[in-house]
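The structure under discussion appears below in the form of structure tokens.
So that the names make sense, note that chain A is the first sequence line, chain B the second, and so on, each numbered from 1. Remember, it's a predicted structure, so these values are computed and weren't measured experimentally.
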There are 2 protein chains.
Amino acid sequence: MSTTTRGRADRRPSITDVAKRAGVSVGTVSNVLNRPDQVSDSTRDRVLVAIEELQFVRNASARQLRAGTIQTVGAIVLDIANPFFTEVARGVEDRLAADEYTLMLSSSDEDPEREARYLRLFEEHGVQGVMVTPSAGSLDGLLALRDRGIDVVLLDTTSPVDDISSVAVDDVRGGALAVEHLVSLGHTRIAFINGPQTIKQCVDRREGVLAALAAAGLDPADALVEITIGSLNAEGGEDGVNRLLDADGDRPTAMFCVNDLTALGALRALRAHGVAIPAEMAVVGYDDVVFASMLTVPLTSVRQPTHQLGWTAADLLLRQRSEGASFQHQRIQFQPELVVRGSSDPSA
Amino acid sequence: MSTTTRGRADRRPSITDVAKRAGVSVGTVSNVLNRPDQVSDSTRDRVLVAIEELQFVRNASARQLRAGTIQTVGAIVLDIANPFFTEVARGVEDRLAADEYTLMLSSSDEDPEREARYLRLFEEHGVQGVMVTPSAGSLDGLLALRDRGIDVVLLDTTSPVDDISSVAVDDVRGGALAVEHLVSLGHTRIAFINGPQTIKQCVDRREGVLAALAAAGLDPADALVEITIGSLNAEGGEDGVNRLLDADGDRPTAMFCVNDLTALGALRALRAHGVAIPAEMAVVGYDDVVFASMLTVPLTSVRQPTHQLGWTAADLLLRQRSEGASFQHQRIQFQPELVVRGSSDPSA
DNA sequence: TGAAACGGATGAATCGATTCATTATCGTGC
DNA sequence: GCACGATAATGAATCGATTCATCCGTTTCA
């Protein structure tokens, strides 16, 4: 089988093959690739022709092995299918592109094991840093990672330690905003569809919920019905509502869902059960994703600066990298904003 | 600074460091990592202790350089923020997990250049195969990739050549379904918000649109108003509607949007212009994404088997890999299904 | 004419993990 | 006491790109 018509390559051509074909040394080929101006025109052309003829493609492994490091950072979010996180990721990418870094993006699906697996994978591949929305309660793994020379920035959660930076939105305030709103509408019995307490966002929003209830003089024992779901998506929301409606006791007149995807599922289940919104059940979500305003019943939600969140996290990571020891760790916190719509307030 | 309290590693510990610390050879450390049963218990323990103490993490570059290949495949979709593609990607992951392959996932954002860049990146990293939803018209790059030994499967588009497999949904039929439906409701002037003709899905759906019009005895010159938008997302849809409403001539009474994200934007713009749906404008989308049924006006859409699409593409890729030369290339095509809702049919 | 300077090209050393032919050690059986 | 086999451990070679000290050939200038 000839070289040009072969159906499948026997082996990837290496820089040595190119050198042989062009009649130069491997060093020269490398120079053509990395410092073209140090090579004479004629030699460069010969090498380029050989590269073209052999369809040579650089071997990233060999490159990285020698270089020791790559212009890449990793990011792990809770759920890549959640529009909130895709918007955050877009912000990350935009900042990274400016410094010609690339991104390895993964979704932990809120599973600490998956998170750990991806972190290890990133580390083995030699990323310079990672942005993580932790799904586990403990930061030990991340601290160890940091000690091994990989910069860490927490994404969408406030750092509990002084020596790791974070970029977040004030989730306590966000949770409070939602419940203050419901209370101001006269609701005194509120369901809270929340995720596991291993996830910081869930903990913080809950704290805000409790604070708002306390401020209104309501006793959580009477005023709050908590439902914990396994995953923060539409299925979780449906499941939460089904369990709520099956339960004994006074049915709440309002509901706060820990995010919009959950709210979407909750709305679907509520409709299936013929529960009128907001008349029989007011609903508030969190994130203000793109479709929140366009639902059958437009969803009241807590808005967050998604793109900015991602952009800032990436910025912090890159600066931490470039400034080295002089870098000051910081906890950046944005403020959320309540957007009132028909799902909670008929007059909206 | 001592080893245990150092704030930042000077250098990643290598297998040699571990060997030194454990008082064994590098070969033995490698054996502990890869063939633990060929090592005596006491030696293995010593090595494991050293690994733990040094916080040793394998260097993926060196590993791959030696191995020559990795259990990884790449996938490039048009828009990772589109729920359609996240569901497809989930299908891919589920199939890959069964064979312990990992996935590198990227979004071309419908930009042929980005697509080419990611393909090259994947290739440099030594992926075994790629699944691509092409954004460029030409397949030359993919054919060349295939010739260099990287398996290729087209995702969500039917292969135009015999020697590349594909998994797709019949987009011609899907486009026809949408327009047949609108015609059956009595519409004789229909807007088609479509993407660039470099994207195969756009070409095919358009072909279906034209076929359905022809079958109904309608002349496209009168019956069809085509609007071409730059990107297949909500912004594109808004833009399309604005241009449609600004245009001279009879305003269409119905609209087919090339996908649901576009339809979402279109609905938003139509509402902003005070156009009643479906009374003044019937709307049909494509993909039947999760929120389509839950919009203010539930969206009529063309449903596709997303998860199955991704799963099957990955299956084809892995089988192609394992069966080698005996593998028969195939074009797998699923059938779409029209889901009628209120945005087109008030009685639905 | 000879020395210095300079642009180009060279090729051996290097990165870290894996592999495999070789060696070392020990126990078993005759 | 010796040979043999089995089990463990070794360490040199390898993968492919990069780097850098070195070398070569020209040109320039004293």
Side-chain angles (χ1 to χ4, degrees), chain A residues 9-48 50-51 54-71 120-121 123-128 148-149, chain B residues 9-48 50-51 54-71 120-121 123-128 148-149:
Chain A
D10 318 317
R11 189 179 57 84
R12 271 170 83 175
S14 76
I15 206 175
T16 315
D17 300 323
V18 174
K20 231 170 263 171
R21 177 130 188 164
V24 299
S25 72
V26 290
T28 301
V29 177
S30 178
N31 282 336
V32 169
L33 295 169
N34 301 300
R35 305 174 212 68
D37 45 328
Q38 286 188 23
V39 180
S40 73
D41 290 358
S42 67
T43 319
R44 181 169 56 241
D45 288 349
R46 274 218 319 290
V47 171
L48 289 176
I51 286 176
L54 292 175
Q55 299 250 51
F56 166 76
V57 175
R58 265 202 191 63
N59 183 321
S61 302
R63 221 165 129 69
Q64 285 172 30
L65 173 58
R66 187 65 231 269
T69 177
I70 41 170
Q71 297 279 93
R120 172 154 281 255
L121 208 65
E123 186 176 8
E124 289 183 352
H125 277 86
V127 300
Q128 298 195 7
R148 271 176 259 135
Chain B
D10 318 319
R11 188 180 57 84
R12 268 170 87 176
S14 76
I15 205 175
T16 314
D17 300 324
V18 174
K20 232 170 263 170
R21 176 129 189 165
V24 298
S25 72
V26 290
T28 301
V29 177
S30 178
N31 281 336
V32 169
L33 294 169
N34 301 300
R35 304 176 212 68
D37 44 329
Q38 287 188 21
V39 179
S40 73
D41 290 358
S42 66
T43 322
R44 181 169 55 240
D45 288 348
R46 276 218 319 290
V47 171
L48 289 176
I51 286 177
L54 292 175
Q55 298 249 49
F56 166 75
V57 174
R58 264 201 188 70
N59 182 322
S61 302
R63 222 166 129 67
Q64 285 171 32
L65 174 58
R66 187 65 233 266
T69 178
I70 40 170
Q71 298 279 93
R120 172 155 281 259
L121 209 65
E123 187 176 7
E124 288 183 353
H125 278 86
V127 301
Q128 297 196 6
R148 271 176 258 134

When you check the phosphate oxygens OP1 and OP2 of dT10(C), does a side-chain N or O of T28(A) lie under 4.0 Å from one of them? yes
S40(A) side chain N/O closer than 4.0 Å to the phosphate oxygens (OP1, OP2) of dA9(C)? yes
Tell me if a side-chain donor or acceptor on D45(A) pairs with a main-chain N or O of S42(A) at a distance below 3.5 Å. no
Pick the nucleotide of DNA chain D nearest each of A62(B) and S42(B); which residue has the one closer to the 5' end? S42(B)
Does R11(A) place a side-chain N or O at less than 4.0 Å from the phosphate oxygens OP1/OP2 of dG16(D)? yes
Between dC15(D) and R63(B), is there an OP1 or OP2 to side-chain N/O distance shorter than 4.0 Å? no
Applying a 4.0 Å non-hydrogen cut-off, can you work out what S14(A) is touching in the nucleic acid: base, sugar-phosphate, or nothing? sugar-phosphate
Backbone of V57(A) reached by a side-chain donor or acceptor of E124(B) within 3.5 Å: no
OP1 or OP2 of dT18(D) less than 4.0 angstrom from a side-chain nitrogen or oxygen of N34(A), does that happen here? yes
Just call it for V24(B): base, sugar-phosphate, or nothing, with non-hydrogen atoms closer than 4.0 Å on any strand. sugar-phosphate
Has R46(A) got a side-chain atom pairing as donor or acceptor with R21(A)'s backbone, closer than 3.5 angstrom? no
Quick one: is dT19(D) close enough that its OP1 or OP2 comes under 4.0 Å of any side-chain N or O from R35(A)? yes
N/O (side chain, T43(B)) to phosphate O (OP1/OP2, dA9(D)) under 4.0 Å: yes
